[in-house]
Amino acid sequence: MKQTIMTIAIASAMTMTFCGCQEQTQRENPLLAESTLPFGAPDFSKIQPEDYLPAFEAALQQQRENIQKIVECTDSATFENTILPFEESGQLLERVGRVFFALTNADKTPEITEIEKKVQPMITELENEISFNKQLFERIRTVYDNEHDTLQGEDQKLLEEIYKDFVRKGALLPDDKMERMKQINLRIADLQQQWGDALPAATNDAVVWVDNKEELAGLSEADIAQCAKDAESRKGAEGDLQSPYAIVIVNTTQQPLLANLDNRELRRKVFEASVHRADGTGEHNTFPIVCEIAKLRAEQAELMGYPNYAAYSLENTMAKTPENVYAFLKSLIAQYTPKADAETKAIEDFARQTEGPDFQLQPYDRFYYSAKMKKQLLDVSDDEVKPYFNVDSVLLNGVFYAANRVYGLTFKELTADVPTYHPDMRVFEVIDKDGKSRALFYCDYFRRPTKRGGAWMDEFQKQSRQRNTQCIVFNVCNSAKAPDGQPSLLTWDEVTTMFHEFGHALHAILSDCHYNRLSSTDVARDFVEMPSQFNESFASIPEIFDHYARHYETGAPMPADLKERMLKSITFQTAYALGENLAATCLDMAWHMLTPAEVPTPEQAPAFETEALQKVGLLNPQILPRYSTSYFNHVWGSGYAAGYYSYLWTEVLAVNIADVFAQRGPLKPETGQDMRDKILSRGNTGDLMKMFSDFTGMDKPDASGLLKARGL
């Protein structure tokens, strides 16, 4: 039998040889073999780090051959012989990549880091080859010119997305500009690799060491035990501890522990460690990476004929233009500013009651005195409510219960059938209301040094009728895992984060699309956050809340008076949360409104950040950006460049949709089915604004409800 190059490449990669003193064994590469697990889930019990590189090599070779077959086809280009084969190409590469890049975010060991350095340039090189393959694009353009108007439904949408993707990547550029675009793509990929290594290292190294328990006065015993556990996890190579306690820095500017920490000097140290984790005042400095990425993005936009990267990036979103984004932001800033000033004054006045009339509130004091003020006015604190937010109950009796009531889904834990990449993970089979298996859902909720900060959703496999594949989705968070024998308890913010990320998961689980490219969450950035933000609303619906907010020891529901005070506290002094989001959004936009010549040097970057906030009226020493430039992973490490505004934009959509649910009955299955049919199942198969309008009956989103929903 004649073997093709592709077959040889895969065969050689599938067989791994290990030599020892006494014996030599061979094994099949599990990344290239068909998985025998449910849904074709990745078999982490077999996958070893040394499997990834040969698997990528084989998958890249296979994709090159798939593209070559399309290009060498001698028949006139059609949807059947060009678009469909292109859509189906690269499945092996996608499968390997989805597994590997899950680890680069959630369990980035030194071995994975080294492999990524080799793999990322290989992938970018292939992407350049495909994006600038003139023969391939000519065939795609021929189909677009000849068949677009005769195709319908998902076929037409698939053609549009593929054609426009090539054009936006530079397929129509002249040769010299095309070559420069290739170089830029490679360099940005390299810089983002550097960013992905630098930021977690900076955040891990920003830990604040504490020598004795007395310095942690104000923290609960559970929090103090967590500080001891975090110190233990950071033992040196010789097994020694720098100090018995460690305060770990989370990804946002403000740190949750500051709400309870009595020691003002320690509060200052923690806050300064957070703010300066990566700006060059310490060991780490990401500004050189930031400035070069910003300059290269500006050059990309220039090559494509746009005035700046924001204009280029926003073209395929609901907002469409930077002008529309700024109009939206300015309206919010105007309404927010007086409320923020009043909130700051109220907190400082409260602090002066105990600290004296000359006390000057600092940003590291804000959470502390706001919490005390909330306790005095509403008689509620995080330590009082956390015993009712056991992570297991929130998941099973809250997140899953809401999905069952609204969408008819049930969840069966698979304790041994499906291995995971880390022992902390859990896996559930998702069963639809017709009794059929619909998806696998993995959750990975606890922080560790190998995991980047924040929370996210992604998929090991997308739903596609064309490929006959079902969804395999996972959620990742960064809550503290309690020491052995103690319950892992959550703050309200962590509770809503779990609901938020599961909203993304539902968008994937309920997807019912023909083509992989159009399914699940592959929609515009300023739409994709809507299902997740909407799903947060279920956390506070009384019937859902009562079902999961139960004491971890007794199982008793949260007492009615505490529940009332706790729910009132959700909208207590919420100007800060809106302000930090607005400030981060405006920073993102400012960096991406620049021409290449206007991008500051790394030394000028801090001043540029200050000036950018001042220009929009958000330079507020009390309310800093949720992420400052030097640790803004959404913008420099993920896909939210000129897109962080989407969280606020989609919050408007989510509030509008929540209002519809409230009017119809928030837990009525009929309403859930309507949401499922008109939005959640449809991926990117149609016009997103029309999907919104079909469900809500509104011609356009109504932003007036956003401040009201936030209690402002």
Point to revise | Parallel, tilted or perpendicular: rings of Phe545 and Phe389 (30°, 60°) | key: perpendicular
Review point. Salt bridge between Arg438 and Glu429, side-chain N to carboxylate O under 4.0 Å?
Key: no
Review point. Is the gap between the ring centers of Phe411 and Phe428 under 6.0 Å?
Key: no
Check your understanding: Hey, do the aromatic rings of Phe538 and Phe534 have their centres closer than 6.0 Å?
Key -> yes
Review point. Can you find a heavy atom in the side chain of Gln533 that is under 4.5 Å from one in the side chain of Tyr647?
Key: yes
Review point. Does Leu266 reach the side chain of Val208, with side-chain heavy atoms less than 4.5 Å apart?
Key: yes
Review point. Are Glu494 and Thr497 linked by a side-chain donor-acceptor pair shorter than 3.5 Å?
Key: no
Exercise for review: Examine Phe400 together with Tyr548 and report whether their ring centres are nearer than 6.0 Å.
Suggested key: no
Review point. Taking C-beta and beyond as the side chain, do Ser393 and Tyr552 meet within less than 4.5 Å on heavy atoms?
Key: no
**Study point:** Aromatic contact, Tyr442 with Phe460 (centres under 6.0 Å)
**Key:** yes
Review point. Heavy atoms, side chains only, cut-off 4.5 Å: are Ile247 and Asp230 in contact?
Key: no
Review point. For the rings on Tyr576 and Phe367, is their centre-to-centre separation under 6.0 Å?
Key: yes
Review point. Would you say Met498 and Leu395 make side-chain contact, with heavy atoms under 4.5 Å?
Key: yes
Check your understanding: Are Cys471 and Leu440 side-chain neighbours, meaning at least one heavy-atom pair lies under 4.5 Å?
Key -> no
Check your understanding: Would you say Phe695 and Ile657 make side-chain contact, with heavy atoms under 4.5 Å?
Key -> yes
Review point. Are side-chain heavy atoms of Glu529 and His504 found at a separation under 4.5 Å?
Key: yes
